[in-house]
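A quick write-up on the structure given underneath.
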Amino acid sequence: MAEELLLESDGKHNGVSGHLTKSLLAVAFLASFGSSTLYGYNLAVVNSPAQYIKEFYNETMTETYDWTPHEEVLTVLYSLTVSIFAIGGMTGALLVGRLVTTFGRKGTLVKSTVLVFIGGGLMGFSRWSRNPAMVIIGRFITGVHSGISLSVVPMYLGEIAPKNLRGFLGLIPSIHICLGVFIAQVLGLSELLGKEEHWPLLLSLVVFPTIVQLMLLPWFPESPRYLLIEKRNVHATIAALKRFRTKGNIQAEVEEMQEEQRSLSSIQTFSVRNLLMDRSVRWQVITIVVVNIGMQLSGIDAIWFYTNDIFKNAGIPEPHIQYTTVGTGAIEVISGMLGCFTIERLGRRPLMIGGFLFMGLCCAGITVSVLFQAQLSFMRYISVGCVVGIIAGFCIGPAGVPFLITAELFKQSHRPAAYTVAGCLNWLSNFTIGFVFPFLEIATGPYCYLIFCVICLGVALYTIFIIPETKNKTFMEISQMFADKNNILEEEQTFNAHLKMAMMNGYGALGQHDEG
């Protein structure tokens, strides 16, 4: 079904387009299932066994230190257990640039799986060892893995995809993030693993998707762009492209990569500092800063964290709240699939603009409904509808497009540093909103959602006026679209034009470049 929807032969753009092959689809699902699914799972998995984890901390501290901690101490320990995942994620994001340059995109994903086994093992045996620190350290280590994979997976898929399928493949990880949240919510039900004796197993189940990834992903090729532009291995590049493509002009795709390679021939992979100082990518950097901070400060994390309280205030009976929460998880998955299957038809901008505008409207709706629900009983159900609307709007576009366009806006030399910046901002904003929101809600009450509304509308306006549509564009074409905004000197554009003319005259054709 996916092939029928998305196979578009776009021969007008230098012949660099392709079909959705089994290899492309398989590697997209493998890379996402063993990485992105774990990120979503770890976001939601600690909610269900929260009380059991606190009781475990209480029991072990009483046994070890003969001291019964106050409820405030247990709350702090539990908050640390939740938030240490984001700190680990930020640590992992800082490592991305060096790892993908040294080991490659696929190589980094495969090698980083060891972190999941260490973290999952620590959490799984923590109760048997009577050691609360194992839970916290395990969460931190799995956070490091998620910080790495959250950037590397979309980078890898963006580089192996033909340009007419880059959006579809780029949103597959966001579907798996939603799927991970949903799986954690289902397994956390009291009828399944949401019981006191099962919480260590619930936390350690992250190892199973990773086992599948580790068994199968190594059999697939490395990113062709990495092999050609950074490793200068034309033979390996052609072999990788033949594996990922069944039809289309492979020579034209290699020539497009070689054009980018020549434009970067005297430039090493950029450091974060060099990226931030490079005026030729100034607006691309501003764009990833805005969309990644906006994605987290849109209020989605606050909504996820306080969903149960909003449902309780809406009059939903306490025993039914867990099933209602699972229902929102199912809506996340459906919304993510809707975005994935429409992005190549609608483009990146409509999904971003529509998603943020709808989220902003729903944030304002929550404020209004909470203010008037005492006088008008039906307002309670409007607040539930707005929560569902925020989650659906987020998953359709803002959940995945920022990671996708981070790959699209930068050339090969800048891309690792760009993902490091985007990942760090993402995790830092995630941690900030989780830490600040309770105090913000105390200070402003329901008006706090108006702050999220303003942020959502601001990102939507920025997208309307600044971000161009990148659908069906090569990385070089996207870079040239930003040339005017960045005030690139005319001679620099002329230099690139000469390179392109040399390409058209046969310079760098496959037959003449067989080194490596």
Side-chain angles (χ1 to χ4, degrees), residues 32-57 75 77-89 92 113 115-127 132 134-147 149-150 173-213 300-301 303-308 321-330 332-333 391 395 399 427 430-431 434:
S32 302
F33 181 65
S35 301
S36 304
T37 304
L38 304 190
Y39 168 67
Y41 186 87
N42 279 304
L43 281 179
V45 73
V46 289
N47 292 334
S48 173
Q51 191 56 41
Y52 303 135
I53 293 174
K54 288 181 182 179
E55 290 173 2
F56 170 66
Y57 289 167
T75 302
L77 284 173
Y78 176 72
S79 298
L80 178 63
T81 305
V82 174
S83 61
I84 200 75
F85 179 70
I87 296 173
T113 55
L115 296 171
V116 180
F117 294 111
I118 295 172
L122 286 170
M123 292 186 290
F125 290 105
S126 58
R127 189 173 178 219
M134 292 173 65
V135 180
I136 296 171
I137 295 171
R139 286 275 296 172
F140 173 79
I141 293 173
T142 54
V144 174
H145 173 266
S146 288
S149 62
L150 203 61
S174 67
I175 294 178
H176 281 80
I177 292 173
C178 297
L179 186 63
V181 171
F182 179 64
I183 291 171
Q185 291 168 338
V186 171
L187 292 179
L189 291 172
S190 55
E191 292 86 350
L192 298 175
L193 298 181
K195 301 176 182 176
E196 195 274 335
E197 63 269 22
H198 294 323
W199 68 261
L201 174 62
L202 186 63
L203 295 184
S204 64
L205 284 179
V206 290
V207 300
F208 290 103
T210 308
I211 290 172
V212 175
Q213 185 189 71
I300 186 65
D301 292 310
I303 291 295
W304 272 332
F305 192 75
Y306 286 93
T307 297
N308 287 2
I321 287 177
Q322 61 175 340
Y323 304 108
T324 310
T325 303
V326 169
T328 64
E332 289 175 39
V333 177
I391 292 172
C395 292
W427 287 98
N430 183 308
F431 177 78

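Proximity of a side-chain donor or acceptor of S204 to a complementary backbone N or O of L201 within less than 3.5 Å is detected. Under a 3.5 Å cut-off, the side chain of S126 and the backbone N or O of M123 do form a donor-acceptor pair. Here the side chain of Y39 pairs no donor or acceptor atom with the backbone of S149 at under 3.5 angstrom.
The two residues Y78 and V46 come nearest to each other via the heavy atoms OH-O, 2.7 Å. The shortest non-hydrogen separation linking I211 to F117 is CG1-CE2, 3.6 Å. Considering every non-hydrogen atom in both V207 and V116, the closest pair reads CG1-O, 3.9 Å. When every heavy atom of F431 is checked against every heavy atom of A86, the shortest pair comes out as CB-CB, 4.0 Å.
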task: Could you go through the side chain to side chain contact (heavy atoms under 4.5 Å, CB included) check for F56 and R127 one step at a time?
output: CA-CA 8 Å; F56 170 66; R127 189 173 178 219; 4.2 Å; yes
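Screening I183, L203, T142, L38 for a side chain to side chain contact (heavy atoms under 4.5 Å, CB included) with V45, the sole residue that qualifies is L203. The side chain to side chain contact (heavy atoms under 4.5 Å, CB included) with R139 is formed by just one residue from the set T81, L122, I87; it is T81.
Residues Y41 and V181 have side chains not in contact (no heavy-atom distance under 4.5 Å, counting atoms from C-beta outward). Two residues are said to be in side-chain contact when any heavy atoms from C-beta on lie closer than 4.5 Å; F140 and I136 fail this criterion. The closest side-chain heavy-atom distance from F125 to M134 is below 4.5 Å.
Counted within 6.0 Å of OH on Y323, heavy atoms from surrounding residues, nucleotides or ligands total more than 12; the atom is thus considered enclosed.
Rounding to the nearest 0.5 Å places CG of L187 at 6.5 Å from CG of L202. For the atom pair W199 CH2 and Q51 CD, the distance stands at 12.5 Å (nearest 0.5 Å). Distance check, rounded to the nearest 0.5 Å: CG of L193 to NZ of K195 gives 8.5 Å. Residue T324 holds its OG1 atom at 11.0 Å from CD of Q185, rounded to the nearest 0.5 Å. Interatomic distance, CG of L150 versus NE2 of H145, reported as 10.5 Å (0.5 Å rounding). Note that CG of L179 is 10.5 Å distant from OG of S32, once rounded to the nearest 0.5 Å.
Classified by interplanar angle (parallel below 30°, tilted 30° to 60°, perpendicular above 60°), the ring pair W427/F85 is perpendicular.
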